[in-house]
Amino acid sequence: MPNVSLVWLRHDLRLCDNPALHDAAQQGAVVPVFVWDPDGEAPWQPGGAHRWWLHKSLQSLRSDLEAAGSRLILREGPAEQALLDCAESVGATHLHWNQRYEPTLAAQAQTVADALNAAGCTPVFHETQLLHDPEGVETTSGGPYHVYTPFWKKVTGHDLLRTDAPPLGAPDLSGTVPDAWPDSTSVHDLRLHPKHHDGTDWTGGLADTWTPGEAAAHERLQYTLNHVIADYETERDRPDHDGTSRLSPYLHHGEISPLQVWQAVTDWADANDAHEEAKPYLQELVWREFAYHMVHHYPTIPDETYRDKFKDFAWTDDAEALQRWQQGQTGYPIVDAGMRQLRETGWMHNRVRMIVGSFLTKDLLIHWYHGERWFWDHLVDGNLANNAMGWQWSAGSGADAQPFFRIFNPVSQGERHDPNGDYVRRWVPELRDLPTSDLHAPWEASTRTLRKAGITLGDTYPKPIVDHSQARDAAMAAYDEVR
DNA sequence: GAGCCCTTGTG
DNA sequence: ACAAGGGCT
């Protein structure tokens with residue numbers, strides 16, 4: 001009977017550069033297991049868009065594993081029970097997994113480790129989620145960083161990134177296989193297919209936009225190298241262009257590792273003598289590192305305001321305004337375009353994320369937590385650390401936040417970053433026939449222009465939910481209170 | 001303790 | 001020009 005190891009797959013749904021899979025394969029037979037255990041991740045159970053992606057990703061991984069002579073065992077939680085049962089049924093001596101830094105997932109893994117240890121199955125964990133260990137990056141005086149730029153300088157200037165060894169290849173899983181496989185449910189029976197809150201199916205837009213899976217991740221990486229990185233510094237601010245990597249959901253589900261991306265981009269920079277061009281993109285990967293660094297050291301960041309001063313901030317409780325923001329009916333075209341892009345595709349351009357974030361927290365004075373929750377449920381790339389950090393940054397309550405007085409103007413942001421109006425016309429088609437000069441502020445268009453474009457404000461498209469100039473003054477006054 | 005610096009801006 | 005204040009070396 002061969003030595004058998006379980007590999008507990010979580011947000012690492014790939015064969016290549018997967019240390020848990022790789023090490024387990026070197027020790028004998030491997031049983032890859034995925035456990036659907038949303039309650040084990042409470043209070044941050046995976047959102048709807050995440051579930052849709054996961055469904056596709058598991059199908060892809062299962063077929064990749066089968067092509068490699070292995071299988072994917074699917075179970076439902078609690079994770080520790082499912083894994084114990086699998087371990088006993090195949091006589092596994094070890095359980096391998098890749099460590100996670102989300103507080104919820106780290107806690108879940110601790111429960112699993114305790115349960116398996118007690119049953120005589122040795123837990124072994126590996127590092128691959130990040131390019132560095134959050135415990136290993138400290139300021140000169142000791143302690144975690146709270147500001148991005150010194151963090152960037154530290155990790156890139158002191159070889160603190162785990163980038164010296166090349167990514168691992170695909171493991172050989174067909175050499176030794178277990179004598180028998182544990183029972184498995186089907187992807188379908190996990191019932192991951194999401195519905196909108198109002199019961200409608202939203203997955204058509206997701207399917208039109210995305211191809212989950214490891215192979216697709218590498219295709220998109222190749223596209224990024226060929227078409228994105230060189231002009232990333234300026235193009236990343238153009239939501240009307242395909243100027244970003246769109247690798248975030250693949251990274252989130254672990255269909256590609258940050259090391260694979262980092263190595264590919266730096267190799268590209270070497271080959272093209274283009275290190276300056278590559279830097280802004282690499283900095284984004286380190287922002288992801290920084291977000292996990294923060295959530296590791298401050299695990300309440302997803303749930304609680306980071307800066308104490310903001311604990312007493314006078315947020316408004318306006319359910320109707322929140323709903324109009326969620327549905328993309330604020331009357332500010334760039335905001336509505338972003339929120340509709342999110343609802344339909346599970347993704348929003350980062351520039352627009354900042355604009356809608358500023359709008360919710362500054363113009364509407366609604367608590368960032370509502371934005372975080374909505375994004376969590378609708379983003380295919382919604383990872384806990386980035387989402388929490390982004391929202392607290394927008395609100396001004398987070399680490400290294402924008403100054404409170406920096407309140408995005410949704411009109412000038414639209415004009416600057418969507419200068420031809422292509423993005424707004426794509427997502428807010430009822431404004432399609434407005435001239436570009438009026439597109440980002442339809443309420444300022446003449447009656448005649450509106451009529452010619454077939455628009456009746458308040459009927460075919462909302463009037464602005466707030467007057468930005470007044471809202472700005474109100475926000476400044478409210479923020480003055482917590483300064 | 002001094003001095004430098006700070007993702008993405010606005011009117 | 002302006003907008004604070006605090007992180008970091």
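By convention in this document, chain letters (A, B, ...) are assigned in the order of the sequence lines, proteins followed by strands, and residues within each chain are numbered from 1.
- Dashed line: the shortest gap from a side-chain N or O of A:R416 to OP1 or OP2 of B:dT8 is not under 4.0 Å.
- With C:dT9, B:dT8, B:dT10 as the candidates, the nucleotide lying closest to the side chain of A:R472 is B:dT10.
- Nucleotide C:dG7 holds its C1' atom 15 Å from the NE2 atom of A:H297, rounded to whole Å.
- At C:dC8, none of the side-chain N or O atoms of A:T140 fall inside 4.0 Å of OP1 or OP2 (strictly under the cut-off).
- Taking atom OH of residue A:Y148 and atom P of nucleotide B:dC4, one finds them 24 Å apart after rounding to whole Å.
- Other residues, nucleotides and ligands contribute more than 12 heavy atoms inside 6.0 Å of the NZ atom of A:K311.
- When the nucleotides B:dG9, C:dG7, C:dT9 are ranked by their closest atom to the side chain of A:Q413, B:dG9 comes out on top.
- Among A:W376, A:W374, A:F375, the one residue that satisfies the ring pair (Phe, Tyr, Trp, His ring centres under 6.0 Å) test with A:W391 is A:F375.
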- Given the rule that a pair is Watson-Crick or G-U wobble with both distances under 3.5 Å, how would you write DNA chain B in dot-bracket, using | for pairs to a different strand? .|||||..||.
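- Considering only side-chain N and O atoms, A:K154 lies nowhere under 4.0 angstrom from the phosphate OP1 or OP2 of C:dG7.
- The side-chain contact (heavy atoms from CB on, under 4.5 Å) test with A:H132 singles out one residue from A:K154, A:E289, A:R162, A:E127, and that residue is A:E289.
- Contact annotation for A:E233: no contact, since no heavy-atom pair falls under 4.0 Å across all strands.
- Rounding to whole angstrom units, CH2 of residue A:W287 and C1' of B:dC6 are separated by 10 Å.
- In this structure, A:H146 does not reach the C:dG6 phosphate: none of its side-chain N or O atoms is under 4.0 Å from OP1 or OP2.
- Looking only at distances, no side-chain donor or acceptor of A:D438 sits under 3.5 Å from a matching main-chain atom of A:L434.
- A sub-4.0 Å separation between OP1 or OP2 of C:dT9 and a side-chain N or O of A:Y145 is present.
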- Message: Would A:Q99 and A:H126 count as a side-chain contact (heavy atoms from CB on, under 4.5 Å) here? Give the steps.
- Response: CA-CA 6 Å; A:Q99 187 60 285; A:H126 306 264; over 6 Å; no
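- Legend: ring-ring contact (aromatic ring centres under 6.0 Å, His included) pairs involving residues 431-474 of chain A, not counting sequence neighbours, sorted by first then second residue: A:Y332-A:W443.
- For A:F290 and A:Y145, the ring centers sit 6.0 Å or farther from each other.
- Looking at the side chain of A:H468, the nearest of the listed nucleotides B:dG11, C:dC8, B:dG9 is B:dG11.
- Of the candidates C:dC8, B:dG9, B:dG11, B:dG11 carries the atom nearest the A:N409 side chain, counting heavy atoms from C-beta on.
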